[in-house]
Number of protein chains: 2
Amino acid sequence: MTASPLPEQIALRLRRDILRGTLAPGDPIKERDNALELGVSRTPLREAVRILAKEGLVQLRPARSPVVADPSLKEVRDAVAVLQALEILSGELACREASDAEIAEIRALSERHLALSETAEGEGLIELFEIDMAFHTAIARASHNPALAETHAAYLARMWRQRYLSAVQRRARERVRTQHENIVAGLEARDPARVASEINAHLAALITNLTRLFEAREAGRDLTTDETGIE
Amino acid sequence: MTASPLPEQIALRLRRDILRGTLAPGDPIKERDNALELGVSRTPLREAVRILAKEGLVQLRPARSPVVADPSLKEVRDAVAVLQALEILSGELACREASDAEIAEIRALSERHLALSETAEGEGLIELFEIDMAFHTAIARASHNPALAETHAAYLARMWRQRYLSAVQRRARERVRTQHENIVAGLEARDPARVASEINAHLAALITNLTRLFEAREAGRDLTTDETGIE
DNA sequence: AAGAAATTTTTGGTATACCAGATATACGCG
DNA sequence: CGCGTATATCTGGTATACCAAAAATTTCTT
């Protein structure tokens with residue numbers, strides 16, 4: 001058999017398209033068209049769509065084409081609230097479960113992020129962002145709780161686009177750098193309370209920033225569509 | 001179109017079978033056999049299996065039959081730890097977001113549970129358990145955070161069987177009754193800290209009980225297979 | 001008789017064909 | 001000219017057919 005990472009491959013591709021804005025929020029994902037376009041059958045494409053649906057990136061509608069999710073501000077805030085709880089738990093558990101090597105790896109990611117953060121531009125921003133994601137993912141894995149790590153990853157994926165739009169901003173980049181550093185320091189000190197509070201602050205700032213982004217969008221300067229020049 | 005709750009229907013049926021033990025942990029779920037048995041095609045059955053997989057009830061293996069999950073003690077404890085974080089967040093949010101009507105509904109569920117808890121036997125235990133689930137689900141919904149409620153529901157479903165085996169015990173029933181009452185009281189007082197601590201205690205007790213169950217199983221008195229006489 | 005290799009069978013993955021509902025379009029009527 | 005209805009088309013849901021990989025079984029060899 002083919003080991004069948006095919007639906008995952010398709011999901012990955014669609015996910016990136018959604019992140020880049022090639023597939024804009026609200027766009028329908030028609031089984032036939034996309035299957036033909038990607039050169040696969042409807043069946044695996046269908047599965048890929050379900051994967052993205054479970055991640056919250058697309059929205060299934062009964063007897064209708066699935067559409068790329070276009071979450072409201074409240075939905076995003078709700079999701080971040082859950083993410084916050086998951087990350088705080090991750091951080092606390094990581095303090096007592098993570099190996100020194102894992103914490104070192106987290107630090108390494110933080111420093112790679114720091115280095116790129118200054119220079120990144122254009123397509124490089126995607127790489128910057130992926131390191132950002134990897135940083136948070138590494139903490140979740142360091143909890144040594146696979147279920148937690150998986151759910152956390154799902155929430156991270158769900159908000160890819162929103163977090164991306166936020167993380168790309170120059171101002172936000174500055175903040176993220178120091179906050180990441182604080183989290184790493186807390187982990188190295190194995191101080192759960194400190195890590196929890198730092199992560200809490202980090203995500204609270206994210207909520208603030210996302211709120212700003214949404215308000216800007218409503219005001220007219222639409223920052224969430226292709227016009228931002230991501231491509 | 002058929003509105004297509006068909007995969008969900010199948011998933012529901014399989015889920016119940018797993019709960020009752022008709023499908024024992026480790027049993028393979030063969031697409032062809034089960035599809036034929038249920039009188040449907042492989043396609044929707046396949047989707048149903050994916051749903052259960054995402055819930056964690058079955059385990060997908062590349063190029064292999066999916067099997068009914070047989071989580072280890074660690075996996076169960078890990079999942080409960082996440083559930084704990086989710087429920088605590090739910091409770092805290094519910095304190096400030098829930099309507100009085102919602103809290104009243106939660107109380108009603110608690111009292112129905114109380115009433116049945118004394119008398120339930122045999123098949124009635126499933127109903128008792130479903131009310132227990134509904135109680136927790138209602139709190140999650142009362143948070144007015146749909147994402148949270150959904151993830152919470154997924155975790156609840158994932159541990160159906162384990163929680164069922166725990167909840168059925170006479171001793172556990174006693175404890176659950178008073179703890180539910182405490183949680184309701186906290187909600188009515190709209191005291192987030194109190195609710196958080198009560199929920200924390202409730203789930204900590206669940207972990208203890210599940211640990212006991214696992215130890216008993218390993219000791220030989222296998223409480224998690226059909227021999228418990230659920231059917 | 002035991003082990004290894006080849007073949008058969010079983011199983012999931014993928015492609016495709018068919019069906020029903022929902023939407024869009026076009027035509028006819030007021 | 002506008003609105004309602006009928007029809008054509010588009011779309012997702014389901015069934016089925018085909019393929020390749022993995023077990024299981026059988027058979028051949030030593």
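Each chain gets a letter, A, B and so on, in the order its sequence line appears, and its residues count up from 1.
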Trainee: Take A/L14 and A/L52 through the side chain to side chain contact (heavy atoms under 4.5 Å, CB included) test and state the conclusion after the steps.
Mentor: CA-CA 8 Å; A/L14 291 176; A/L52 296 177; 3.5 Å; yes
Trainee: Check the pair B/N145, B/E97 against side chain to side chain contact (heavy atoms under 4.5 Å, CB included), reporting the backbone distance first and the verdict last.
Mentor: CA-CA 9 Å; B/N145 181 331; B/E97 299 295 341; over 6 Å; no
Trainee: Would you mind reading off the distance between A/R61 atom CZ and D/dG13 atom C1', rounded to a whole angstrom?
Mentor: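 About 15 Å, once rounded to whole Å.
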Trainee: Using side chain to side chain contact (heavy atoms under 4.5 Å, CB included), reason through A/H136 and A/H180 one step at a time and then give a plain yes or no.
Mentor: CA-CA 9 Å; A/H136 288 271; A/H180 280 193; 3.3 Å; yes
Trainee: C/dG13 C1' sits how many Å from A/I10 CD1, rounded?
Mentor: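 Distance check: A/I10 CD1 to C/dG13 C1' gives 12 Å.
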Trainee: Pick one: which of A/R163, A/R112, A/R16 meets salt bridge (charged side-chain N to carboxylate O under 4.0 Å, His left out) with A/E130?
Mentor: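 Single pass found, and it is A/R16.
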Trainee: Centre of B/Y164's six-membered ring, under 6.0 Å away, within 45 degrees of the axis: is that where NZ or CZ of B/R161 sits?
Mentor: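 Checked: cation-pi criterion not met.
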Trainee: In residues 41-57 of chain A, which ones come under 4.0 Å of DNA chain C, going by heavy atoms?
Mentor: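 The answer is A/S41, A/R42, A/T43, A/P44.
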Trainee: Rounding to an integer number of Å, can you tell me how far A/L36 CG sits from C/dA15 P?
Mentor: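 In whole Å, C/dA15 P lies 12 Å from A/L36 CG.
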Trainee: Between P on D/dG12 and CG on B/L6, what's the gap in Å once rounded to a whole number?
Mentor: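 Taking CG of B/L6 and P of D/dG12, I get 18 Å after rounding.
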Trainee: Nearest-Å distance, CG (A/L60) to C1' (D/dT11)?
Mentor: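 Taking CG of A/L60 and C1' of D/dT11, I get 14 Å after rounding.
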Trainee: Strictly under 6.0 Å, is that where the ring centroids of B/F135 and B/H113 end up?
Mentor: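 No, ring centres 6.0 Å or more apart.
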Trainee: Between D/dG12 atom C1' and A/Q59 atom CD, what is the distance in whole Å?
Mentor: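 Between C1' of D/dG12 and CD of A/Q59: 16 Å.
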Trainee: Heavy atom of residues 27-35 of chain B under 4.0 Å from DNA chain D: which residues?
Mentor: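 Here the set is B/R32.
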Trainee: Give a yes or no on whether a salt bridge exists between A/E102 and A/R141, defined as a side-chain N under 4.0 angstrom from a carboxylate O.
Mentor: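 Looking at A/E102 and A/R141, the cut-off is not met.
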Trainee: Answer yes or no: is there an ion pair linking A/E55 with A/R158, defined by an N-O contact shorter than 4.0 Å?
Mentor: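 Salt bridge between A/E55 and A/R158, a charged N being under 4.0 Å from a carboxylate O: no.
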